[in-house]
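Worksheet: one structure, shown below.
Indexing begins at 1, ligand by ligand and atom by atom, following the structure's order.
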Amino acid sequence: METIHVKERIPQSNRPQIAVIGAFDGLHLGHQHILDTARTFVTDHIELAVYQWPGSGGLTSYQDQVRLLSEFGVDRFYHCIKPFSVDELQAERLIVSESMADQVGDTDIPVTVVPDAKHQGEPITSERIRTLVTAGKMEAVQSMLGRPFEITGVVEKGEQLGRQLGFPTLNLGQIEEYVEVKPAVYLGTVQVDTDYYYTLISAGYRPTVNGDSYKVEAYIMGFSGNLYDKQVSVKFLRHLRDETDFQGLDVLVEQMKQDERYAREILGLT
Ligand SMILES: Cc1cc2nc3c(=O)[nH]c(=O)nc-3n(C[C@H](O)[C@H](O)[C@H](O)COP(=O)(O)O)c2cc1C
Ligand SMILES: Nc1ncnc2c1ncn2[C@@H]1O[C@H](COP(=O)(O)OP(=O)(O)O)[C@@H](O)[C@H]1O
């Protein structure tokens with residue numbers, strides 16, 4: 001897949017295109033349905049192009065978007081930082097969602113409007129998924145994304161208290177572009193290089209240790225090793241409990257042990 005950053009005018013393509021227009025934050029099941037529809041118009045001589053309309057973001061990093069769009073068979077990805085007019089496109093056909101159809105306006109290009117994909121009777125939208133992430137409802141989020149919610153970041157140094165408590169936790173840095181997951185403890189997985197591990201994720205403000213800022217941390221079960229500066233991806237599978245202001249570190253440690261027992265029980269591990 002070729003990626004093109006568009007600051008001003010959209011460059012002309014030398015191949016005929018089926019053009020999909022949308023914000024595409026999250027690449028959720030609705031987006032996947034639009035791309036499936038678009039692919040039915042693609043032939044040997046026509047390429048599939050996505051023109052990304054600027055939007056709110058927060059569910060997928062730019063890097064995730066590039067990876068996912070490429071996996072979904074997109075040939076060219078135009079990352080547009082400003083709204084554009086469809087007159088600038090030289091497409092055989094435009095493919096848009098119901099909500100995007102209003103923005104398209106009059107055009108001579110044939111337009112296919114793809115009906116919204118639904119979850120429990122309501123349209124799947126990025127806004128709806130963002131709200132659920134901030135509410136910690138990870139199973140519902142997963143149902144609408146078609147995969148678990150995932151955050152990719154770089155492991156940063158913290159206060160180095162975790163190891164003293166018997167629960168070393170990698171701290172995810174460079175995650176500002178994601179929405180804040182509800183402060184709570186989650187069961188998930190972490191990908192380090194090509195390996196996957198089960199993990200307990202703590203997202204929040206760490207009131208017990210007078211934490212002052214929002215952090216996403218992960219204690220990898222049955223792992224030891226140095227992960228500083230590595231890029232890791234954390235997937236949220238299930239909410240276990242909300243973040244609590246415990247009366248002292250010993251109470252927090254007892255609860256973390258209980259969290260690990262509970263997670264192992266769910267996973268069928270001993
Ligand atoms: C499984 C788990 C559950 C946690 N639950 C809480 C909690 O309920 N309240 C809280 O203040 N901090 C909680 N934390 C965060 C710890 O306070 C934090 O990991 C510890 O202060 C170590 O921080 P450090 O990585 O900066 O050294 C939890 C951490 C883990 C791994
Ligand atoms: N099981 C584990 N889970 C997470 N990190 C681990 C684990 N074992 C070792 N580590 C390493 O220890 C660091 C976390 O230890 P911690 O004492 O919490 O320090 P910090 O406050 O700097 O995060 C991680 O960044 C990683 O390099």
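- Counting heavy atoms under 4.0 Å from ligand 2, residue R163 touches it through both backbone and side chain.
- Atom numbering of ligand 2 starts at 1 in the shown order; those under 4.0 Å from a heavy atom of N226 are 27 (O).
- Heavy-atom distances between G222 and ligand 2 stay at or above 4.0 Å for every pair.
- No salt bridge links R147 with E71; every basic N to acidic carboxylate O contact stays at or beyond 4.0 Å.
- Remark: K215 fails to qualify as a cation-pi partner of Y205 under the 6.0 Å distance and 45° angle criteria applied to the six-membered ring.
- Between H28 and F149, the distance separating the two ring centers is not shorter than 6.0 angstrom.
- A donor-acceptor contact closer than 3.5 angstrom links the side chains of Q52 and Q65.
- A salt bridge is absent between R206 and E243; no separation between the charged side-chain nitrogens and carboxylate oxygens falls under 4.0 Å.
- Considering backbone and side-chain N/O atoms, T169 comes within less than 3.5 Å of an N/O atom of ligand 2.
- Interface atoms of ligand 2 facing G162, defined by a heavy-atom separation under 4.0 Å, are 17 (O), 18 (O).
- Interface atoms of ligand 2 facing F223, defined by a heavy-atom separation under 4.0 Å, are 1 (N), 2 (C), 7 (C), 8 (N).
- Contacts of ligand 1 (protein heavy-atom distance under 4.0 Å) are E159, Q160, L161, G162, T169, N171, V185, L200, S202, R206, P207, T208, V209, E217, Y219, R241, E243, T244, F246, L252, M256, D259.
- Against a heavy-atom cut-off of under 4.0 Å, Y228 is close to the following atoms of ligand 2: 13 (C), 19 (O), 20 (P), 22 (O), 25 (O), 27 (O).
- Using a 4.0 Å cut-off to heavy atoms of S224, the atoms of ligand 2 that qualify are 8 (N).
- No donor-acceptor pair closer than 3.5 Å links the side chain of R93 to the backbone N or O of A38.
- Panel note: side chain T37, backbone H33; a donor-acceptor pair is recorded below 3.5 Å.
- Within the 3.5 Å criterion, the main-chain N or O of G57 finds a donor-acceptor partner in the side chain of R130.
- Comparing P168, G225, G166 against atom 26 (C) of ligand 2, the shortest heavy-atom distance belongs to G225.
- Those atoms of ligand 2 with a heavy atom of V155 less than 4.0 angstrom away are 25 (O).
- Of all atoms in ligand 2, listed by their number and element, those nearer than 4.0 Å to a heavy atom of K157 are 22 (O).
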